[in-house]
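Step one of this worksheet: look at the structure below.
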Amino acid sequence: MDASGRRDRPTSVTEPARIADLAVVGAGPAGVEAAVAAAGYGLDVVLLDELPSAGGQVYRAAPAAFAPGAGGAEAAAGAALRARLAASPVEVRAGEGVWSVLARAALRAPCAAPERREPSPPPDSEARPPRAAPARTAPPPPSSAAAWDREPRRAEPGAISGRLEEEAGFLPGSAARFRLDTLGAGGAGSVFAAGLALCPGAVERVLPFPGWTLPGVMGLAAATILLKSQRLLPGRRVVVAGAGPLLAAVAAGILKGGGAVAAVVDLNGPAEWLRTVPRLAAMPRLAARGVVWLARIAGARVPILFRHSIRSALGSERLEAVETAPVDRAGRWCDRRGRDAGREIEADALVVGHGLSPATEIGRLLRVEHEFDRDRGGWRPVTDEWGRTSVAGCYAAGDGAGVLGAAAAALSGRIAGVAAAIDAGRLASSTADAHVRRLRRDHARAARFGAAMTRLTALRPAMVEAIPPDTIVCRCEDVTRQEIDAAITRGASEINQLKHFTRCGMGPCQGRVCAEAAAELLAARIGGDPDEGRGAAGQWTGRAPLRPVPMDALAGRFDYEDLPLPPPAPP
Amino acid sequence: MAPEDTGTDAGLDARTRTCASSPRVSTALRIGPARGTPLTLLVDGEPVPCFAGETVAAALLASGRRRLRRSPRAQAPRGAFCLMGSCQECVIRIDGRLEPACLTEVRDGLVVECRGAADPPPVRRLPVG
């Protein structure tokens with residue numbers, strides 16, 4: 001802020017554009033590894049993240065202003081990741097979020113789908129990369145421009161598209177294929193890049209139940225942020241509910257911080273957890289961490305309600321109690337012993353999470369091809385084994401490309417970074433072969449563990465079916481289940497139609513919170529196989545801005561005196 | 001619930017703590033002493049003690065303020081939900097601008113407004129459902 005109390009927000013128009021070889025969005029384990037790997041092969045890399053420091057949610061650092069505290073294994077891993085990043089030539093833009101991405105190809109053929117990469121070769125012919133064949137014969141070019149431009153264009157840009165490109169800031173002859181618009185403490189900015197690696201991580205899925213909008217109800221991932229980064233308990237007496245390994249992590253974290261856990265309410269039963277045991281062997285250190293969590297929970301004599309779910313959160317202006325009831329394996333309410341075995345638990349905080357879904361917003365904005373994969377958290381971008389998406393120059397890695405956890409994310413990020421270097425002509429894929437083969441083997445092992453964890457949290461359609469009619473599904477716009485049902489009855493057959501009919505997903509969160517529940521409600525009415533229903537229900541069309549952008553950040557600072565007003569007509 | 005309920009933890013208890021002439025920092029939810037330097041936020045005119053490095057959302061939660069705003073249609077109380085800048089539930093007026101409280105770090109004397117969260121407007125309460 002300057003002396004007058006106004007924030008210094010330079011105009012985006014006058015700022016010189018940053019042109020990079022590779023822009024990486026998201027500085028979690030996947031993004032950092034992709035950036036460091038690509039930079040290691042000489043690419044000029046810009047890494048962007050809206051958080052103030054790298055590490056993502058999993059390795060979220062305590063604020064720099066905090067005195068150093070005792071950290072566990074995760075804190076050490078996060079610190080190591082940040083140290084490697086700091087030692088690399090990657091330009092890190094922490095605290096700078098991306099609110100829009102524009103593909104140059106979309107300007108060349110505005111009505112058609114963006115430029116596509118060639119279909120990947122079958123796995124056994126992997127030695128030959130689908131693109132960038134020149135890289136194998138020519139020495140690395142002085143600038144990445146040459147390599148990217150050698151690729152045949154689908155059509156010569158006409159006069160109109162040329163002007164569109166220039167207006168969007170793409171200089172003629174520049175290799176940039178993507179324009180990223182960003183917003184940070186320093187104001188609005190733009191980054192132009194030849195390649196784009198999407199490593200946005202995941203968003204937490206919380207399925208609606210009565211009272212889930214009450215203050216005091218938070219996500220499980222939110223609780224991890226409070227505990228790890230802010231060193232704060234979510235409440236004095238907390239109910240921890242939902243599914244997956246985060247349950248144990250959060251409950252143990254609250255107890256370690258001196259808080260009280262009123263109950264752990266787990267959708268899964270011991271049988272589901274036991275089924276993961278063979279996969280736990282793949283990552284013994286992670287499994288051991290889970291054992292420590294469980295020991296702490298058992299030691300504190302916290303009641304664990306297996307195969308239970310939250311029936312409602314109670315309270316008028318804030319959470320006062322939580323009502324739980326038993327469910328069957330499919331997540332359907334069941335009355336044990338012929339009566340309702342539900343119970344009410346007094347609590348001032350409920351932290352609840354039903355798993356993670358890939359954050360696909362930028363991919364959707366770029367019209368990247370996606371597929372629905374329930375066991376990987378939902379919709380994910382279709383990628384080849386290098387992480388290349390259907391849009392040329394665009395890669396996806398980490399949980400944003402299918403939820404498999406942090407260990408797998410780091411490895412998939414590194415593979416995508418190598419792919420970006422190969423495609424930019426900095427590296428022959430035959431040179432990278434041995435290295436990438438080892439990465440793939442490690443990734444497969446981490447993915448076995450991650451997939452078992454993600455399966456524990458896979459969305460159970462019966463839980464969505466059980467949402468009562470007057471329960472809010474879309475928090476931003478207060479849209480209830482019965483309004484969604486009514487819209488489907490009136491003919492909304494696809495999720496964007498549902499949005500138009502009801503405003504569900506139209507609010508400031510851009511549908512990130514309600515997407516899974518809304519789509520599942522629609523899929524159930526489409527009928528047939530739930531996964532096919534989800535495929536038919538589709539995804540929200542990606543739209544900028546991905547985050548609300550203050551108008552003055554775009555307009556910049558100006559004096560009214562300086563506005564070029566035409567002189568008034570003579571009298 | 002009592003009509004004078006403020007939506008904060010322990011109602012009056014939390015109020016006396018944050019309104020006291022010499023504001024004592026609530027350590028009830030804060031884990032450990034390893035924090036930044038003590039600062040003061042001005043929340044709806046009341047001084048709220050906090051520590052450098054905390055986000056506005058965390059400082060409000062630690063002060064017992066869970067209710068941050070009301071939803072636009074049902075005028076229902078809302079608080080921080082995802083704490084990672086995704087859900088936009090904690091977007092409140094900070095230093096005169098609408099900002100997500102979970103991504104905004106506290107500064108000394110920062111003016112935060114949750115006004116309207118306590119008293120829903122009497123009219124325009126559209127039926128939901």
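Each chain gets a letter, A, B and so on, in the order its sequence line appears, and its residues count up from 1.
For chain B, the nearby parts of A:Arg475 are the backbone and the side chain; heavy atoms of each come within less than 4.5 Å. Proximity to chain A involves both the backbone and the side chain of B:Cys87, based on heavy atoms less than 4.5 angstrom apart. Using a 4.5 Å cut-off between heavy atoms, A:Pro234 touches chain B through its backbone atoms (N, CA, C, O) alone. Of the atoms belonging to A:Leu319, not a single heavy atom falls under 4.5 Å from chain B. At a 4.5 Å heavy-atom cutoff, the contact between B:Ala80 and chain A is made by backbone atoms alone. Neither the backbone nor the side chain of A:Glu361 has a heavy atom closer than 4.5 Å to any heavy atom of chain B.
Judged purely by atom type and a 3.5 angstrom limit, B:Arg35 has no side-chain atom pairing as donor or acceptor with the backbone of A:Phe66.
Chosen from B:Leu103, B:Thr55, B:Thr37, the residue pairing most often with chain A at heavy-atom distances under 4.5 Å is B:Thr55. Among B:Gly32, B:Gly79, B:Pro33, the residue with the largest count of heavy-atom pairs under 4.5 Å with chain A is B:Gly79. Ranked by heavy-atom pairs shorter than 4.5 Å toward chain B, the options A:Thr213, A:Leu546, A:Val513, A:Val203 are led by A:Thr213. Interface summary for chain A: among B:Ser86, B:Gly85, B:Gly96, B:Pro100, the most heavy-atom pairs under 4.5 angstrom belong to B:Ser86. Ranked by non-hydrogen atom pairs under 4.5 Å with chain A, the options B:Ala59, B:Gly36, B:Pro77 are led by B:Pro77. Taking A:Gly259, A:Gly216, A:Ala67, A:Gly258 one by one and counting their heavy-atom pairs under 4.5 Å with chain B, the maximum is reached by A:Ala67.
When side chains are defined from C-beta on, B:Phe81 counts as touching A:Val206, because their heavy atoms get closer than 4.5 Å. Looking at A:Arg547 and B:Gln88, their side chains come closer than 4.5 Å, going by heavy atoms from C-beta outward.
Residues satisfying the ring-ring contact (aromatic ring centres under 6.0 Å, His included) criterion with A:Tyr59, sequence neighbours excluded, are absent altogether. For B:Arg69, the salt bridge (Lys or Arg N to Asp or Glu O under 4.0 Å) partners at least two apart in sequence or on another chain are B:Glu89.
Smallest separation of non-hydrogen atoms from B:Pro72 and A:Cys476: CG-O, 3.5 Å. The heavy-atom pair separating B:Gly53 from A:Pro63 by the smallest distance is O-CG, 2.9 Å.
A:Gln230 contributes atom CD, which lies 12.5 Å from atom CG of B:Leu29 (distance to the nearest 0.5 angstrom). Atom-to-atom distance recorded for B:Ile31:CD1 and A:Leu233:CG is 4.0 Å, nearest 0.5 angstrom. Rounded to the nearest 0.5 Å, atoms CZ (A:Arg318) and CZ (B:Arg66) are 7.5 Å apart. Remark: B:Glu54 CD to A:Arg231 CZ distance equals 10.5 Å, nearest 0.5 Å. How far CZ of B:Arg73 is from CZ of A:Arg503: 9.0 Å, rounded to the nearest 0.5 Å.
Residue pairs meeting the ring-ring contact (aromatic ring centres under 6.0 Å, His included) criterion with at least one member in residues 90-109 of chain B, sequence neighbours excluded, do not occur.
Contact annotation for residues 217-227 of chain A against chain B (heavy-atom separation below 4.5 Å, listed by residue number): A:Val217, A:Met218, A:Gly219, A:Ala221, A:Ala222, A:Ile225, A:Leu226, A:Leu227.
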Run the salt bridge (Lys or Arg N to Asp or Glu O under 4.0 Å) test on A:Asp478 and B:Arg78 for me, step by step, so that the C-alpha distance in whole Å, both residues' side-chain angles and the decisive distance to 0.1 Å come before the verdict.
CA-CA 11 Å; A:Asp478 282 327; B:Arg78 295 293 174 84; 2.6 Å; yes
